[in-house]
Structures are given as C-alpha cells and as structure tokens.
Undergrad: 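Quick one: the structure is below, and I'll ask about it shortly.
One-based numbering along the sequence shown. The model shown is predicted, which means the values in this text are computed figures rather than measured ones. Atoms within each ligand, like the ligands themselves, are counted from 1 in listed order.
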Amino acid sequence: MDQNPPYTPAFHSRLPEVGTTVFTVMSTLAANHKAINLGQGFPDFSCDRGLISKVNEAMLADHNQYPPMIGVAELRQGISQKISTLYGYDYDPDIDITITAGGTQAIFTAILSCVSLGDEIVIIEPAYDSYRPSIELAGGKTIAVSLTANYDDQGSVKSYSILWDELAKAINPKTRLVIINTPHNPTGMVWQKSDLDHLASLVRSTNALILSDEVYEHMVFDGFNHISIASQPELAARSFVVSSFGKTYHVTGWKVGYVAAPAAMMKEFRKVHQFNVFAVNTPMQYGLAEYLKNADHYLGLPSFYQAKRDYFSKGLEQTDFKLLPASATYFQCVNYTKLNVPQAQMNEADFCSWLTTEVGVTAIPVSAFYAKPVESGVIRFCFAKEEKTLSAALERLQTLQLRKDNGTR
Ligand SMILES: Cc1ncc(COP(=O)(O)O)c(C=O)c1O
C-alpha cells in the first residue's frame with residue numbers, strides 16, 4: 001500500500017535520506033529478471049554439512065532457550081582463543097567479547113553505545129552502507145574521507161591507499177569514533193601494519209575510539225595478510241573489533257557475529273545490546289562453538305576464495321571490462337567504461353540495471369558506497385558462487401563483445 005490509511009498519524013522520518021539498500025534493490029531486480037545475481041555478497045553454495053550437524057546436535061540437546069545475554073560461554077572462549085592465536089591480543093571471554101546478530105548489529109550497537117548528539121564520526125569512503133544511517137540514528141555527524149586509487153604506468157589501478165592528510169584533518173576533539181574496514185568492501189584493500197601505526201599516531205592524543213570492521217578477515221589472497229587491529233595493542237585498547245560467522249562459514253542467513261573490545265567499552269556496548277537484541281539464537285552459538293575448534297575451517301578460506309577469484313577474473317579478461325585489484329574479500333570490481341557498447345556511458349546505477357535486465361547478470365554500483373555518488377564507472381561483482389554460476393555469468397558477460405555495433409542483443 002503506497003498511502004497510509006487515514007488513521008495512521010504523520011511522523012517525521014528519522015532517516016529521511018534513506019531508501020531501500022542497493023543490495024535489496026538489485027537482488028529484487030535480479031529475481032524479477034531471472035538474472036545471475038553477482039550483486040549482493042552471499043555464497044550460492046552450501047555450508048559444510050558438519051556445521052549443520054553441530055547445530056542440530058545442539059537443538060536435540062535442548063539448547064533452545066535464551067542463552068546468556070553476552071553469548072554462549074564456549075563460543076566466547078573459542079573466539080578469545082582464536083584472536084589470541086592469530087593476532088596476539090588477549091580478550092577476556094567473559095568481559096571483553098559479546099556475540100551479536102551478525103556484523104551489522106555489532107556495528108549499530110557499538111555506534112549507539114558511544115556516540116552522542118553532535119559527536120563526529122569519521123568514515124572512509126567507499127564505505128559499507130550501514131555506517132552512515134547508524135551514525136545518524138545515534139545523533140552523530142558523519143565526516144567522510146576518501147580512499148584513493150594508485151595507478152601503474154598503463155593507467156590501471158594497482159592499489160589503494162588512505163589519504164592520510166585528509167584523515168588527519170578530519171580527526172579533531174569532537175571526533176568520537178573512526179570506523180575502518182579491513183579487508184575492505186568493495187575494493188579489497190588490506191590495511192598494512194604501517195597503516196595501523198599511522199592511524200595510531202593520529203588518534204594517540206585524542207579521545208577518539210575506533211571501530212574496526214573485519215568481517216572479511218579470513219579472505220585475503222596474493223600473499224597479503226589480514227592485520228587485525230587486535231594485533232596493534234595501542235589501537236586495540238580503544239577499539240571495537242567486529243567479525244561475522246556468516247561471512248566466514250558461508251552462512252550469511254544465520255546472522256551471527258561478534259564484537260571484542262576492552263572492558264570499559266564492552267560494558268557500555270552490553271548496556272545497549274541487552275535492549276537491542278538481548279541475545280542471539282542459542283543452538284547456532286553452540287554449533288559454531290564446536291565448529292570453531294577446527295582452525296582449518298577458516299584457515300582454508302584464502303585458497304578456497306582465491307581459486308574462485310582467479311577463475312572469475314580469467315573469464316573477465318576475455319571481455320573489455322577492466323579489472324581492478326581484488327586481493328581480499330569475495331568481490332571483484334571492474335571498470336566498464338571501455339566496453340564498446342553505448343551503455344558504457346551510463347552512470348553506475350543505470351549500467352547495473354541494464355546489465356541485469358538486458359545481459360542477465362547483476363552487479364552493484366560502487367557509487368552506492370558513497371553518500372554523494374562518485375561516478376568512476378566501476379561496479380562490483382561477488383564471486384562467492386559455484387563455478388557453474390560464475391561460468392554462466394561469464395558466458396553472458398562475454399556476449400558484450402558481440403554487441404559492439406549497436407549495443408543490443
Ligand atoms: C563491510 C561489511 N561489514 C559488515 C557486514 C555485515 O555482516 P553481517 O552479514 O554479519 O551482518 C557486511 C556484509 O556484507 C560487510 O560487507
């Protein structure tokens with residue numbers, strides 16, 4: 001129903017600028033046109049049946065009532081152990097770690113727990129689309145600085161970096177929080193130790209906290225390593241670290257993640273968490289706790305996803321799409337402006353709609369990762385798909401070469 005019935009009182013939107021997220025819009029368009037959906041970031045293959053068995057066992061063992069508000073102890077202990085082993089920071093599982101309904105709730109709750117009216121929150125664009133509305137709902141003001149692309153001699157993007165001068169200017173006494181995302185969606189940029197050290201020098205004499213969104217922590221290729229903020233003790237002491245089992249274990253629909261932070265920050269986080277979701281579903285937590293005991297389940301992800309990235313990028317090389325670096329996450333960004341079809345002149349959102357409805361493959365416009373769309377002719381494909389899905393998508397994308405004359409099928 002477009003119109004409210006007459007008895008619904010008028011009210012002011014808390015988020016007047018916000019519509020439905022681009023991910024939902026593009027997934028709906030993909031479904032309506034039976035396009036191959038390489039837009040929204042989720043796998044189209046099954047998760048490990050062993051993980052499902054562990055959740056089943058938990059249900060059959062009657063772990064079906066409310067869990068502790070902060071999360072099941074076994075899972076928090078497993079996370080603490082994993083972070084300590086991989087990144088060297090010791091979080092107390094009872095005090096410093098809380099299980100959340102996915103990364104998105106962790107981010108929202110972290111923001112609500114520390115941002116007050118008028119506080120400034122620095123984000124780095126392109127940025128995941130939940131950050132800005134979460135900041136607005138908390139009464140904060142978003143200050144966006146940008147990531148910049150570095151080019152090689154042939155004019156191709158070879159890497160990305162933070163504009164440190166811009167970031168330094170953005171951080172001031174009103175800054176309550178700086179949100180970073182590594183590995184980064186959509187560019188795949190991976191923060192290096194020197195980046196974290198640089199950030200530490202910028203916040204050292206301030207009261208700014210950090211939120212480090214690390215939901216793609218286990219998907220890093222080409223010899224890069226994920227360097228968690230938890231591996232930099234000075235920063236860890238002022239940071240919320242967020243991760244997502246949905247991403248790591250191919251179960252995005254389960255919506256289970258976690259946040260780790262020092263005691264004083266976690267105390268405030270939990271005050272909000274208990275009235276936001278209170279707790280996260282019980283059998284999933286028990287199942288994940290058991291599954292987490294085998295490190296191979298996440299240590300195998302880089303080679304698993306690198307093989308998919310390589311397969312997909314090799315196929316794209318047969319087209320006029322220009323590939324951008326994709327050394328982490330499960331996204332491949334491409335520039336479409338050199339395609340020899342008239343639609344190559346379209347803006348990113350229109351191009352993605354056209355690609356969906358006319359070519360049968362869905363992508364996400366990177367302009368959607370900016371508040372004021374920056375048009376650089378770049379779109380994002382998700383390669384977390386079965387080979388047959390990627391192969392079918394490539395076949396359709398390769399037909400673009402045949403359209404050179406009139407741009408139609
Ligand atoms: C950068 C980033 N942060 C957070 C999330 C949300 O994770 P979850 O699905 O666990 O809520 C996503 C999901 O796409 C993401 O790309």
Undergrad: Below 4.0 angstrom, N of the basic side chain to O of the carboxylate: do Arg132 and Glu125 qualify?
TA: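 Looking at Glu125 together with Arg132, the answer is yes, because their closest N to O distance falls below 4.0 Å.
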Undergrad: Would Lys193 and Asp197 pass as an ion pair if we require N to O under 4.0 Å?
TA: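 Answer for the salt bridge query: yes.
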Undergrad: Does some side-chain heavy atom of Tyr151 sit less than 4.5 Å from a side-chain heavy atom of Val157?
TA: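 Yes. Closest side-chain heavy atoms under 4.5 Å.
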Undergrad: Would you tell me whether Tyr291 and Asp48 have side-chain atoms, one donor and one acceptor, within less than 3.5 Å of each other?
TA: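 A pair is found: one side chain offers a donor N or O, the other an acceptor, under 3.5 Å apart.
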Undergrad: For ligand 1, list all ligand N or O to protein N or O distances below 3.5 Å, rounded to 0.1 Å.
TA:
{"unit_1": "ligand 1", "atom_1": "3 (N)", "unit_2": "Asp213", "atom_2": "OD1", "d": "3.3"}
{"unit_1": "ligand 1", "atom_1": "3 (N)", "unit_2": "Asp213", "atom_2": "OD2", "d": "2.6"}
{"unit_1": "ligand 1", "atom_1": "9 (O)", "unit_2": "Lys255", "atom_2": "NZ", "d": "3.3"}
{"unit_1": "ligand 1", "atom_1": "10 (O)", "unit_2": "Gly103", "atom_2": "N", "d": "2.7"}
{"unit_1": "ligand 1", "atom_1": "10 (O)", "unit_2": "Ser244", "atom_2": "OG", "d": "2.7"}
{"unit_1": "ligand 1", "atom_1": "11 (O)", "unit_2": "Gly103", "atom_2": "N", "d": "3.1"}
{"unit_1": "ligand 1", "atom_1": "11 (O)", "unit_2": "Thr104", "atom_2": "N", "d": "2.9"}
{"unit_1": "ligand 1", "atom_1": "11 (O)", "unit_2": "Thr104", "atom_2": "OG1", "d": "2.7"}
{"unit_1": "ligand 1", "atom_1": "11 (O)", "unit_2": "Lys255", "atom_2": "NZ", "d": "2.7"}
{"unit_1": "ligand 1", "atom_1": "14 (O)", "unit_2": "Tyr216", "atom_2": "OH", "d": "3.4"}
{"unit_1": "ligand 1", "atom_1": "14 (O)", "unit_2": "Lys247", "atom_2": "NZ", "d": "2.8"}
{"unit_1": "ligand 1", "atom_1": "16 (O)", "unit_2": "Asn185", "atom_2": "ND2", "d": "2.8"}
{"unit_1": "ligand 1", "atom_1": "16 (O)", "unit_2": "Tyr216", "atom_2": "OH", "d": "2.6"}

Undergrad: Within 45 degrees of the axis of the six-membered ring of Tyr298 and under 6.0 Å from its centre: does Lys82 put its NZ or CZ there?
TA: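 Lys82 over Tyr298 ring: yes.
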Undergrad: Please examine the side chains of Thr98 and Phe269, heavy atoms only from C-beta on, and report whether any two atoms are closer than 4.5 Å.
TA: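 When only atoms from C-beta onward are counted, Thr98 and Phe269 do touch, with a gap below 4.5 Å.
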